[in-house]
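Just so it is clear, the model here is predicted, and its values are computed rather than measured. Letters A, B, ... mirror the listed sequences (proteins, then strands); counts begin at 1.
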Amino acid sequence: MNTHHHRGDPSRTNAGSNRSASTSTGTGSTGTGTGGTGGIGTGSTGIGGTGTAADLPVAAWLLALASLPGVGPARLSVLAALGDAAGTWSALVAAKGSKADGIKAAGSRAAGSRADWSRADGVQSRWEQVQAALGDPARAWALASAAADVDVAALWSRHVAAGVGVCVRGSPAWPDEAFATEQVPPELLLWKGDLDGLAGARVAIVGTRSCTRYGTEIAHDLGRELAAAGVAVVSGLAAGIDAAAHRGALAVAGAPPIAVVGSGPDVVYPRANAGLWDQIVHQGLLLTEAPLGTRPEPWRFPQRNRIIAALADVVVVVESHQRGGAVVTARHAAAQGRALLAVPGSVHSPSSEGCHDLLADGASVCRGPSDVLLALGMSPGCRRRATEDRAQPDPSGQRVLAAMDWRPASLDGLAEVTGLPLAEVALALDDLRRMGWVQERGGWFERVARRPGVPGLP
Amino acid sequence: VLASTSSATVLGADGLVVTVEAHVGNGLPGFTMVGLPDASCREVGERARAATQCSGLSWPVRRTTVNLAPSAERKVGSSLDLAVALAVLAADRQLPADALRQVAFIGELGLDGGVRPVPGVIAMVDALPPGPVVVPRANAAEARLTGRHEVLATDSLRRTVDALRGGGSWATLPDVVPDSGERAAHIPDLSDVRGHPVGRRALEVAAAGGHNLLLVGPPGSGKTMLAERLPGILPPLDDVTALEATRIHSAAGQVLPGDGRLRRAPFRAPHHGVSSVAMVGGGSHQLRPGEASLAHGGVLFLDELGEFAAPVLDALRTPLEEGVVRIARASLRMTVPARFLLVGAMNPCPCGAAGGPGACRCSPAALDRYTRRLSGPLLDRFDLQVHLPVPPPAVLFDTTPGEPSATVARRVASARRRARRRGVIANASLRAADLERAAPLENDAQHALEDAVTRHRVSGRGLRRLRAVALTLADLDGIEPPLRRIQVLEAMALRQGVVGSTP
């Protein structure tokens, strides 16, 4: 269940460099192209004879391509399909230098003092391939000019130094089965933490950032119970449901959580989750397609969501608005043949509308962790019984509780419905809070359901 | 050949006594005015000439010089018109110069010789030494408020000249119309408000304790409706405040009640596009009281608080702290009273929907920006911060009237009496040490406050504010300190972190 057994191993402390070396040993040093991307070249098609460049693994060249502005998963996939990422890179750099005197001359300059025209020819034809693949010469030139400013070796060593691993498609650690049905699978994944976390069953818990207490609780409970059952919880490390699910998974000694983020592995977003981010890096696994320093641009989140959907065996939507991102993730996952579960809420609650739509369209209902385990084909085991160990509230407390319903209630509404003076409502609510019957957040009060075991919501 | 008399102008909300000297002598005919008159003041020459001629008097066709002393201070406005015309006439020997010497004249002239009312009469009269003072008839009521001056009213230059020559009478003083219930009727009553138990309670506490109030709620939830009813439950102004408020309103050219004295708490609701100058007063050449001072003794209501420019809100911090506005310019400075109850209203978030957690669709970044528009220090000044949801339909259609303002006002007045026994106008102005003494805590109450510190990270200042509100609650309910847990909890319930809090 606990997959951290490598953690103390000194050979893994510099996990990033070791792992990435292992993913690229077949390609970089031996020069035999075994990469799954197909036709990965010698890797020594260097530029200007830079000594270090020749030793860089294919992951470094893909990373460099991914770091160019305007290169998302789709363009990266197109470029990677050309094979020989290093060759592509040198063609870009050469193209930039050739604007004045023609690419052939630049190619020969790049090849060194011995005018190696055949190699220059290779650069020329690769440049033409790049332009054709992008389908837009202007875009190709833009990439070329951006590429000129990138020091690939430095970029690579920064990632190594930061302990960020780079895993390319086709390497042994690559979760092939996850991306099998994906139309545009990622070419590379950057990771921090423990890559073994990908080994077992995975469940994505997704939902809205503006959730209710109800959603937070369910996400937390699901995260905790699933992690305890050895299922890795995959989510996006956003505010709201995502954070609650991750926190739940971290609350028990179980399968470590997997966070897929839209920014670079060093760009914590949202800032409020900095602590959680750290915890996941140290106790779980953080994945992203974005190189170090990448800002969380809006277009990266749908891309991030497709990875969450792909990695999950089962997707659970806890709370989502009608047109929320979680619904998009869920529908995408369902289209890829993943099991889809949705947690029902109050039909009055705008933050459950998306879930209800999914249920209406045939998603399975999620009433708790056991439904998820069943969907995974696991035995839910014996359910822990929820026992009531809270003290009974006094009469005015009961009146307030009865008035609360299961929706967020305002003080004003409670005073209105109960007809009690404000002071008594405040007193009753304070008592109820101490006894664990209600929770308060930003002036809104919500009932707390009777819950099995393990206390300690965030 | 030489004559002088007294008059006054207004600076901020204070009067400036001006000695008007006129000299009519030999030389090329012409009119010169010296002594730092500004543009509006310099025009007096044209008005005085026409008014004199239209009054059947003659304007001297000689070299005429008028000096305004003290000559280092800038004079603004038309209140010197009458004095200038009379001084010139006396210097031209059309009037006995002695008749002007012990009398002060305030008033603007029309070209037809009529005397028109001017703003700031009470401040001007107050600044003059005791003695007779001639004012426009429409300003007579407020001029008499000082009680130290013999107020004579006039409606034209001709009448003034005749009276001074001993051949005519002054205008009859208008009857004093005491502030009747008629004006009170314009203030909406709390009985129209349906529902809103929290809003009503917060309003009452704000009035009783002088606690600044922030109402947060979606559009249409009744924030403005509640705020407008606050003056109706505030006690009438005490004599000192009433006089200060009247001076400010008079100086700003606001319409005063029939007897010239403001008694009811003013209610000012400047639009959120207001400039700093309009808010706290000032202006490059004419220092005028701003909205903050006009709200002195009453309510300053800022609807859409988040839409006000940050410098405008920041400018309110001094008056909130010290009860006065200080304006300094290169040549002038002034201090104007500005002790008001600040009531803010705003939506809980940019989308305004906020029917509770889960309903709001604002992005965290947008929510963050919205919250940051209000500086922490300003937000901290609101002792009461309540959330005002849209009442359910059943409540809106309920026809039972709510508790009327008069009943609430009685409770407010009795709470204020208790505060006065502690030596302050309202509990909000109790100093830390006095508060400690006035509001001892029962053990339970102490625990509740300690709990608040750990759970909500309440600052030391916030803790004092909570305690002051709890004391006001006890005052309203007629309970003698020590404070109990229920008061502390209610005080906390009335100060929720409601801005941008909808997750």
Side-chain angles (χ1 to χ4, degrees), chain A residues 207-216 238-241 269-273 296 298 319-324 345-346 348-353 407-431 433-434 439-446, chain B residues 194-202 205 216-217 221 348-349 351 353-365 367-368 385-392 394-395 448 451-452 455-456 470 473 476-477 484-503:
Chain A
T208 175
R209 293 172 300 187
S210 68
C211 57
T212 64
R213 184 87 218 162
Y214 167 78
T216 319
I241 298 294
Y269 179 85
R271 293 295 315 172
N273 281 351
E319 252 188 337
S320 176
H321 296 90
Q322 203 148 28
R323 297 149 67 95
S346 159
H348 294 299
S349 169
S351 54
S352 282
E353 278 172 11
R407 284 182 282 160
S410 69
L411 202 60
D412 200 75
L414 290 176
E416 189 81 61
V417 176
T418 57
L420 292 170
L422 180 62
E424 278 192 45
V425 177
L427 190 66
L429 281 170
D430 192 60
D431 286 336
R433 184 185 57 75
R434 284 157 185 275
Q439 293 267 10
E440 186 253 337
R441 187 166 52 158
W444 292 90
F445 297 86
E446 289 185 71
Chain B
R194 314 253 182 281
H196 287 317
V198 172
R200 279 174 154 274
R201 180 69 164 168
V205 176
V216 180
S221 57
C349 60
C351 79
C360 161
R361 300 303 314 273
C362 300
S363 73
L367 213 52
D368 203 38
Q385 304 181 9
V386 296
H387 193 263
L388 223 55
V390 180
V395 172
D451 192 38
R455 276 200 312 135
H456 297 300
L473 289 168
L476 276 174
D477 296 346
R484 301 174 200 165
R485 174 163 168 250
I486 190 162
Q487 279 120 26
V488 168
L489 288 176
E490 190 179 357
M492 282 159 59
L494 289 172
R495 195 176 203 254
Q496 309 157 348
V498 280
V499 181
S501 67
T502 313

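Atom CD of residue A:Glu440 and atom CE of residue B:Met492 lie 8.5 Å apart, to the nearest 0.5 angstrom. Expressed to the nearest 0.5 Å, how far CG of B:Leu489 lies from CZ of A:Arg433 amounts to 8.5 Å.
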Report the C-alpha distance between B:Arg201 and A:Leu411 in whole Å, list the side-chain angles of each, state the deciding distance to 0.1 Å, and finish with yes or no for side chain to side chain contact (heavy atoms under 4.5 Å, CB included).
CA-CA 12 Å; B:Arg201 180 69 164 168; A:Leu411 202 60; over 6 Å; no
Stepwise side chain to side chain contact (heavy atoms under 4.5 Å, CB included) test for B:Arg485 and A:Asp430
CA-CA 10 Å; B:Arg485 174 163 168 250; A:Asp430 192 60; 2.8 Å; yes
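At least one donor-acceptor pair under 3.5 Å links the side chain of A:Asp412 to the backbone N or O of B:Val198.
Within 6.0 Å of the CZ atom in A:Arg434, the count of heavy atoms belonging to other residues, nucleotides or ligands exceeds 12.
For A:Arg271, no part lies near chain B; criterion is any non-hydrogen pair under 4.5 Å. Within the 4.5 angstrom heavy-atom criterion, no atom of B:Asp477 approaches chain A. Neither the backbone nor the side chain of A:Thr208 comes within contact range of chain B; no heavy atoms are under 4.5 Å apart.
B:Glu490 has its side chain out of reach of A:Val425: every pair of non-hydrogen atoms, C-beta onward, lies at least 4.5 Å apart. Inter-residue side-chain proximity for A:Leu422 and B:Leu494 is flagged as met; some heavy-atom pair is nearer than 4.5 Å.
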